[in-house]
Undergrad: 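So that we are looking at the same thing, I have put the structure below in structure tokens.
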Amino acid sequence: MAQEFRLKDISSLTDIRNFDKVESEVEGIEGSKVLVIRVNDEVHALNYKCTHYGAPLKLGVVSPDGHITCAWHGACFNISTGDVEDAPAPSALNKFEVYEKYGAVYIRAEPAAIKGGQRDTNVKCAVEGPEKVVVIGGGSGTFGVVQTLRDLTFKGAITVISCEPNLPLDRTKLSKALVQDAKKIELRPKEWYNAASIDIISDEVTSVDFGMKTISAKSGKSYPYTKLVLATGGIPRQIPLPGFQELGNIFLLRFVTDARAIMAALGGKNKKVVIVGSSFIGMEVGNALSKGNDVTIIDTLKTPLERVLGEEVGKLFQKNLEKSGVKFKMSAGVEKATPSKSDPSKVGAVNLQDGTVLPADLVILGVGVRPATDFLRDNPVVSLEKDGSLKTDESFLVSGLSGDVFAIGDIATYPYHGPGSDPEKGTYTRIEHWNVAQNAGRIVARVIVHSLASSQPLTPKSFIPIFWSAVGVQLRYCGSTTGGWDSLVLKGEPENSRFAAYYCKGQTVVAVATVAMDPIMAKSAVLMRRGNMPSKKEIEDGVDVREWMVEERQHVSDIRRNLTDLNTPSISKYTQ
């Protein structure tokens, strides 16, 4: 039952300015806090932590459209309702009535809602009606689809067919920490899916009959659908060189079972570990295993992460891992893997093309993934892109399939509408971010639910890609360099692992990477989404993205105070 609680740290709501955030303790509930925000002259009270990793939302970014974006990983919430707007937040925030009386500020709330820190949507469902949504895959995108469907009160059947050895989980933690217990990183427990009437089937899809709307699986079973979501993710690439297919203790990393196998091969410490590939997976695993082991990372590139971050920034991360003892062999080609003298069935060394021999107790491959669409290669109805992906529209619909089939995540090439893309049509791209897959899943769920109630198409909801990495320091990144970039503006103290890197194409900032300057990444993502990101010259001239955001907010506040017609063309940029 809702009760009245006084806020300890706020005496008057008039002291809170537009776009300010105040974290306040709740009198009578020890250790509990709420966040009070004023936006567009209205005051709101919400749970104070992000529901993803618990980041304090007082560090987040409040935008004029009534959203707050977490500074750590870009989770976005609607301030008016507490609803999730963007991944990776798994749960909404509770919204509390807030008011002033007797010279103090109060909220009205149930104690459990304050202490719980999040709003658990009632997804319990008794299935009814003819609709059958089938999702193939068991990753982040799948979770985005099924949870959002039930959040939007979809009553039809939902079936997930996955060959993954676990329920959807936080895969980002596998390479960062080599977690061996799937239950520790499951996004929801089995009981949640049961309550939501979501059937999880462990099987491998072998083909799809798009005309008959049926799915065939390795078990011999067939599954009908009315809406189909393809979310099969990526398959880690192998190395087609001698020894890598035949020898043991050579690992890929995609599932918890892979992490278990790697840790079992490590046994104790003081093992020689060779990682092939300086991708984010390779760098994160190298960082995770550097304590107590001899780790060497090999790549043909000049610097780690070069394709995404460029040589200058990649070198900074290389130096950081070198401080932890990780060794690098860059601009180096691999020739073969050779067996161990003590156990010829297992790897003993990696031989490089320059004649270098790197002893290895185990080898981990981090050379990228390819779209997991092999089951569609011989299908006469669909046409795969050169990389094996499926081309979709802004709503992730696959063309030519009657508006009933969607593709999301690593297998989707979709029109990106962020900075640097084609301003009218967007630029087709495929982005392998965990966050992108979940956001795409949320969009698909909205489209499905809307299509059942209206014949009018739903306007696609755009988002800016965000990812993060643990490479000795915490990297945050937003935007995309899919259309290329031609210059870099580096601000801060790179030598002290505290910087913001702005990737530019001409005068357009297309991506931003930060270390120890998290609010800049989150604020840049909001500005990119709203089309208000400062130009390269403005960044070079010393514009602070944080101040730029404040100026935009003040502009909006001034407009709202002075004008009553919010459809005035001259201000549509700010009020959209």
Side-chain angles (χ1 to χ4, degrees), residues 72-73 172-173 175-178 253 269-334 350 352-354 356 358-360 362-368 466-479 481 485-504 509 511-521 524 539-540:
W72 287 5
H73 306 113
T172 66
K173 290 186 177 180
S175 53
K176 293 174 177 65
L178 291 163
L253 180 57
K269 294 186 177 180
N270 301 314
K271 291 293 196 297
K272 293 187 181 299
V273 182
V274 173
I275 298 171
V276 182
S278 64
S279 62
F280 284 103
I281 293 290
M283 293 286 281
E284 288 174 357
V285 172
N287 178 64
L289 299 182
S290 61
K291 293 179 182 179
N293 296 295
D294 183 345
V295 178
T296 301
I297 297 177
I298 311 166
D299 208 314
T300 56
L301 301 173
K302 290 181 182 178
T303 59
L305 310 173
E306 180 183 324
R307 290 192 180 95
V308 177
L309 301 178
E311 287 187 35
E312 187 175 0
V313 176
K315 192 69 176 177
L316 296 174
F317 289 107
Q318 178 177 339
K319 288 179 179 178
N320 193 69
L321 260 64
E322 286 173 338
K323 291 177 184 177
S324 300
V326 177
K327 297 188 284 290
F328 287 85
K329 289 288 292 184
M330 304 306 295
S331 301
V334 174
V350 174
L352 305 184
Q353 292 173 358
D354 65 3
T356 302
L358 298 173
L362 65 154
V363 174
I364 301 167
L365 306 183
V367 292
I466 288 175
F467 75 84
W468 56 95
S469 184
V471 280
V473 291
Q474 295 294 318
L475 166 72
R476 319 289 191 204
Y477 183 99
C478 69
T481 57
W485 58 280
D486 50 38
S487 62
L488 170 70
V489 180
L490 198 56
K491 295 284 187 176
E493 302 170 2
E495 67 281 3
N496 295 322
S497 295
R498 183 180 181 277
F499 63 86
Y502 299 87
Y503 296 86
C504 308
V509 177
V512 177
T514 68
V515 170
M517 298 178 77
D518 296 345
I520 288 181
M521 183 284 292
S524 295
I539 296 293
E540 288 177 326

Undergrad: Rounded to the nearest 0.5 Å, how far apart are CG of N287 and CD1 of I275?
TA: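 Here the rounded value is 9.5 Å.
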Undergrad: If you look at every heavy atom in K176 and A470, which pair is closest and at what distance?
TA: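 K176 and A470 have their closest heavy atoms at CE-N, 3.7 Å.
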Undergrad: Can you name the ring pair (Phe, Tyr, Trp, His ring centres under 6.0 Å) partners of F280, sequence neighbours left out?
TA: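 Here the qualifying residues are F467.
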Undergrad: Between the main-chain N or O of L309 and the side-chain N or O of Y503, is there a donor-acceptor pair closer than 3.5 Å?
TA: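 Side chain of Y503 to backbone of L309: a pair is present.
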Undergrad: Where do A288 and L178 come nearest, in terms of heavy atoms and distance?
TA: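 In terms of heavy atoms, the two residues are closest at CB-CD1, 4.5 Å.
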Undergrad: Consider side-chain contact (heavy atoms from CB on, under 4.5 Å). Of L305, L475, V326, which one does M283 pass it with?
TA: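 It is L305, the one option of L305, L475, V326 that forms the side-chain contact (heavy atoms from CB on, under 4.5 Å) with M283.
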Undergrad: Going by side-chain contact (heavy atoms from CB on, under 4.5 Å), name the residues that satisfy it together with A360, two or more places apart in sequence or in a different chain.
TA: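 Once residues adjacent in sequence are excluded, the partners of A360 under the side-chain contact (heavy atoms from CB on, under 4.5 Å) criterion are V274, V363.
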Undergrad: Would you compute the distance between atom CG of D354 and atom NZ of K329 and round it to the nearest 0.5 angstrom?
TA: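 If we round to the nearest 0.5 Å, D354:CG and K329:NZ are 5.0 Å apart.
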Undergrad: Take D299 and E306 through the side chain to side chain contact (heavy atoms under 4.5 Å, CB included) test and state the conclusion after the steps.
TA: CA-CA 10 Å; D299 208 314; E306 180 183 324; over 6 Å; no
Undergrad: Could you walk me through whether F317 and V313 pass the side chain to side chain contact (heavy atoms under 4.5 Å, CB included) test, one step at a time?
TA: CA-CA 7 Å; F317 289 107; V313 176; 3.5 Å; yes
Undergrad: Within a strict 4.5 Å, meaning less than it, do heavy atoms of the V509 and V489 side chains meet?
TA: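 A side-chain contact is absent here, since even the closest heavy-atom pair is not under 4.5 Å.
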Undergrad: Take atom NZ of K271 as the centre, draw a 6.0 Å sphere, and report whether it contains more than 12 heavy atoms from other residues, nucleotides or ligands.
TA: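 Check passes, neighbour count above 12.
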Undergrad: Under the side-chain hydrogen bond (donor to acceptor under 3.5 Å, both in side chains) rule, what pairs show up with a residue in residues 316-325, not counting sequence neighbours?
TA: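 Found Q318-E322.
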Undergrad: Answer whether the closest heavy-atom distance between the side chains of Y477 and M521 falls below 4.5 Å.
TA: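 Heavy-atom side-chain distance check fails, nothing below 4.5 Å.
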Undergrad: Which distance, rounded to the nearest 0.5 Å, do you find between the OG of S497 and the CD of E495?
TA: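 Rounded to the nearest 0.5 Å, the OG-CD separation comes to 9.0 Å.
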Undergrad: So how far is it from W72 CH2 to Q474 CD, rounded to the nearest 0.5 Å?
TA: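 It is 9.0 Å, given to the nearest 0.5 Å.
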Undergrad: Quick check: closest heavy atoms across S487 and W485, and the distance to 0.1 Å?
TA: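 Smallest interatomic distance, heavy atoms only, reads O-CE3, 3.4 Å.
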Undergrad: Supply the atom-to-atom distance I298 CD1 to L365 CG, rounded to the nearest 0.5 angstrom.
TA: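 Result: 10.0 Å between the selected atoms.
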Undergrad: Mind checking the CZ-CD spacing from R498 to E493? Nearest 0.5 Å is all I need.
TA: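 If I round to the nearest 0.5 Å, the distance is 5.5 Å.
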Undergrad: For side chain to side chain contact (heavy atoms under 4.5 Å, CB included), just list the numbers for D294 and K327, CA-CA rounded to whole Å, side-chain angles, deciding distance to a tenth of an Å, and then say yes or no.
TA: CA-CA 8 Å; D294 183 345; K327 297 188 284 290; 2.4 Å; yes
Undergrad: Nearest heavy-atom pair of T481 and A511: which atoms, and what distance?
TA: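 Closest pair (atom of T481, atom of A511, distance): CG2-CB, 3.9 Å.
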Undergrad: Look at the rings of W468 and H73 and say which category their plane angle falls in: under 30° parallel, 30 to 60° tilted, over 60° perpendicular.
TA: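 Judged by the thresholds at 30° and 60°, the geometry between W468 and H73 is tilted.
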Undergrad: Please give me the minimum heavy-atom distance between I297 and G277, naming the atom from each residue.
TA: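 Nearest heavy atoms, I297 then G277: CG2-O, 3.8 Å.
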Undergrad: Please check this pair: side chain of N293 against backbone of V295, looking for a donor-acceptor N/O pair closer than 3.5 Å.
TA: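 Checking the backbone N and O of V295 against the side chain of N293, no donor-acceptor pair under 3.5 Å is found.
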Undergrad: Should V350 and T296 be marked as a side chain to side chain contact (heavy atoms under 4.5 Å, CB included) after you check the CA-CA gap, both sets of side-chain angles, and the distance that decides it?
TA: CA-CA 11 Å; V350 174; T296 301; over 6 Å; no
Undergrad: Please find the pair of heavy atoms, one from S524 and one from C478, that lie closest to each other, and give the distance.
TA: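 Heavy-atom minimum between the residues: CB-SG, 3.9 Å.
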